[in-house]
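What follows is one structure encoded as structure tokens, with my remarks underneath.
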Amino acid sequence: MIQKQKRFETAVIHEGYDSKEMLGSLSTPIFQTSTYSFETAELGERRFAGEESGYIYSRLGNPTVRVLEERVASLEKGEAGLAFASGMAAVSAVLIALTKANDHIICSSGLYGCTFGLLTMMREKYNIMTDFSEMKSKEELRSLIRPETTVIYVETPINPTMRLIDLKQVAEVAKEYGIPVVVDNTFSSPYLQQPLELGCDIVLHSATKYIGGHGDVIAGLVVGKKSFIDMVSQTTQKDIGGVISPFDAWLLLRGLKTLPVRLDRHCDNAQKIVEQLKMHRKIANVYYPEDEENRDFSIMKKQMKRGGGIISFEVKGDKSQAQLLLNQLGFIKIAVSLGDAETLIEHPATMTHASIPYEVRQQMGITDQLIRLSVGLEAWEDIWADLEQALEQL
Ligand code: LCS
């Protein structure tokens, strides 16, 4: 039978796995093994020489992990995928693979605090300089490119300001100069945004978030051209070693099956909460990509299917008012991370982005009044009731 390209909702369940090859096991088996025996010494030699395919040692590859890598590559419409022990293991493996001492990176003017920390370390240790840019126009981006620019690194939506970057526009400029564009697609997941389809080169995830979806695993994923993925697999992944465990890969495969169903609900709930927040007198600003009044709404329409499950907003007043709001909540949990079934709330200036110097935080739009809400899968009426009673106490 000729197989057509599967739709997203089918691919999340089936892609990369054939139960016929695994004794009919419907659930992907967990190959909980660190090593693989060779029948002969010569076979071991051929495997190490790359003359014969097959497994050697689980830091170099594992069958459960391989299913996950093939599935996510298909979902992101890329040639190949690679799984990591954390989102940061994925980010660092990619950035270290693409740079050498004295190179230059152009980065979106806002990003996750630990990625900022990694770029700072790369500057201090290897003189790899980073320029931050809003990437509002092609001219702005072109003006920053230097002969030693080797990466354009973009988060969109940006954690935690929810600002967006026009990925197609960035990819077009990068192509002119042959510079790879890396996109951190954590906030959207491949269900809402597919950067490779827009011309970008490499996409990565903190799979800890929507891909896992249940707050029980730390993991990372990278998708790109096979030649690039093979290079990372054989250099910064093999030799630095941030590989995922087979059990965590299995948890992600399970989480992925419900990704579209969960995200539809996250988006529905977030839309309702945005409507309510915008009407509340204690709220100064609400930032959500799929809000018609949002400053980046036109970019959202071009590249995202829906707005996602994360909202950020500023309360009227200062840091103490923001902290007071968090302290008044009932079932909504004060916690970093996002994309879980539970609604989570955090204060970026003192939590996820606290390591970024104050002045840089201000330039990025991370004010002391800014709060980040990861809208969960509960009934939206209950989420709003909890937020509303807390807001009443400010
Ligand atoms: N990229 C983004 C956009 C992130 O939000 C995070 C983690 C990472 C990469 C790193 O992934 P990890 O190693 O944690 O899997 N973001 C977090 C956050 O906002 N709160 O807690 C972690």
Side-chain angles (χ1 to χ4, degrees), residues 68 72 76 82-96 107-121 132 151 153-165 167 182-190 192-193 195 200 202-223 236-237 240-245 248-249 251-252 255 266 287 289 304 308-312 326 333-340 342-356 361 364 366 370-376:
L68 171 67
V72 76
E76 284 286 5
L82 204 55
F84 289 84
S86 69
M88 286 317 301
V91 174
S92 55
V94 166
L95 283 179
I96 294 169
C107 183
S108 52
S109 61
L111 75 173
Y112 174 54
C114 293
T115 310
F116 184 86
L118 174 70
L119 292 172
T120 306
M121 186 187 78
F132 292 94
V151 188
Y153 187 93
V154 178
E155 240 179 58
T156 180
I158 294 175
N159 182 2
T161 57
M162 303 306 290
R163 296 237 50 169
L164 304 185
I165 305 271
L167 290 175
V182 180
V183 180
D184 184 332
N185 204 23
T186 300
F187 270 42
S188 300
S189 89
L192 300 182
Q193 180 172 272
C200 301
I202 298 150
V203 55
L204 58 84
H205 288 273
S206 167
T208 313
K209 313 292 166 16
Y210 287 106
I211 289 181
H214 295 74
D216 49 16
V217 61
I218 298 277
L221 291 163
V222 178
V223 176
T236 49
Q237 187 181 58
I240 298 178
V243 288
I244 193 170
S245 80
D248 286 352
L251 283 172
L252 295 186
H266 282 297
Y287 305 111
M304 292 176 77
I310 316 292
I311 305 166
S312 62
L326 267 57
K333 297 289 184 295
I334 307 172
V336 296
S337 204
L338 51 101
D340 295 352
E342 295 82 0
T343 296
L344 306 178
I345 198 161
E346 69 117 2
H347 184 237
T350 59
M351 297 178 186
T352 45
H353 294 71
S355 62
I356 300 177
R361 275 208 313 267
M364 290 179 170
I366 307 170
L370 188 77
I371 289 172
R372 189 187 77 191
L373 182 72
S374 171
V375 180

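Order of listing sets the numbers, starting from 1, for every ligand and every atom in it. Values below: every heavy atom of this structure, side chains too, minus hydrogens, waters and symmetry copies.
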Look only at the side chain of Thr236 and the backbone of Ala93, and say whether a donor-acceptor pair between them is shorter than 3.5 Å.
yes
Do side-chain atoms of Ser312 reach the backbone of Pro160 as a donor and acceptor pair under 3.5 angstrom?
yes
For atom 4 (C) of ligand 1, what's the nearest protein heavy-atom neighbour? Residue, atom name and distance, please.
Tyr112 CG, 3.6 Å
Taking side chain as C-beta onward, heavy atoms only, is Val243 less than 4.5 Å from Phe84?
no
Donor-acceptor pair, side chain of Ser188 and main chain of Asn185, under 3.5 angstrom
no
Pick from Ile202, Val91, Val182: which one makes a side-chain contact (heavy atoms from CB on, under 4.5 Å) with Val222?
Ile202
Are any of the heavy atoms in Lys209 under 4.0 Å away from ligand 1?
yes
Need the ligand 1 atom indices (1-based, order shown) with element for anything under 4.0 Å from a heavy-atom of Arg372.
18 (C), 19 (O), 20 (N)
What are the atoms of ligand 1, with element, lying closer than 4.0 Å to any heavy atom of Val336?
20 (N), 21 (O)
So salt bridge (charged side-chain N to carboxylate O under 4.0 Å, His left out) across residues 85-95, not counting sequence neighbours, yields none
Just jot down the ligand 1 atoms closer than 4.0 angstrom to any heavy atom of Asp184, in number order.
1 (N), 2 (C), 3 (C), 9 (C)
Is the side chain of Thr156 donor-acceptor paired with the backbone N or O of Ile158 at a distance under 3.5 Å, no angle test?
no
Taking non-hydrogen atoms only, is Met351 closer than 4.0 angstrom to ligand 1 via side chain, backbone, both or neither?
neither
Test your reading of the structure: does Thr115 have an N or O sitting under 3.5 Å from an N or O of ligand 1?
no
Are any side-chain N or O atoms of His347 and backbone N or O atoms of Ile334, one a donor and one an acceptor, separated by less than 3.5 Å?
no
Candidates Thr343, Leu344, Leu338 - the one meeting side-chain contact (heavy atoms from CB on, under 4.5 Å) with Asp340:
Leu344
Has the side chain of Arg361 got a donor or acceptor atom that lies under 3.5 Å from a matching backbone atom of Ile356?
yes
For Thr186, the ligand 1 atoms whose distance to one of its heavy atoms is below 4.0 Å:
1 (N), 2 (C), 3 (C)
Residues 207-219 side chain polar contacts: donor-acceptor under 3.5 Å, at least two apart:
| unit_1 | atom_1 | unit_2 | atom_2 | d |
| --- | --- | --- | --- | --- |
| Thr208 | OG1 | Ser206 | OG | 3.2 |
| Thr208 | OG1 | Ala219 | N | 3.1 |
| Thr208 | OG1 | Ala219 | O | 3.3 |
| Lys209 | NZ | Ser206 | OG | 2.8 |
| His214 | ND1 | Gly212 | O | 3.0 |

Find all atoms of ligand 1 within a distance of less than 4.0 Å from any non-hydrogen atom belonging to Met88, and give their numbers and elements.
10 (C), 11 (O), 12 (P), 13 (O)
Identify, by atom number and element, the atoms of ligand 1 in contact range of Ser206, meaning under 4.0 Å from any of its heavy atoms.
6 (C), 8 (C), 9 (C), 10 (C), 11 (O), 12 (P), 15 (O)
Identify the protein heavy atom lying closest to atom 15 (O) of ligand 1, giving its residue, its atom name and the separation to 0.1 Å.
Thr208 OG1, 2.6 Å
Out of curiosity, is Ala89 lining ligand 1, as in a heavy atom under 4.0 Å away?
no
Regarding Arg372 and Glu346, does a basic nitrogen lie under 4.0 Å from an acidic carboxylate oxygen?
yes
With a 4.0 Å cut-off on heavy atoms, is His205 in contact with ligand 1?
no
Determine, considering heavy atoms only, which of Gly87, Gly242, Ser337 sits nearest to atom 21 (O) of ligand 1.
Ser337
Any idea which part of Ala207 is under 4.0 Å from ligand 1, heavy-atom wise: side chain, backbone, both or neither?
neither
Protein heavy atom at shortest distance from atom 5 (O) of ligand 1
Asn159 ND2, 3.0 Å
Within the structure, does Phe187 bring an N/O atom to less than 3.5 angstrom of an N/O atom in ligand 1?
no
Glu155, any N or O under 3.5 Å of ligand 1 N or O
no
By number and element, which atoms of ligand 1 are closer than 4.0 Å to a non-hydrogen atom of Ala219?
15 (O)
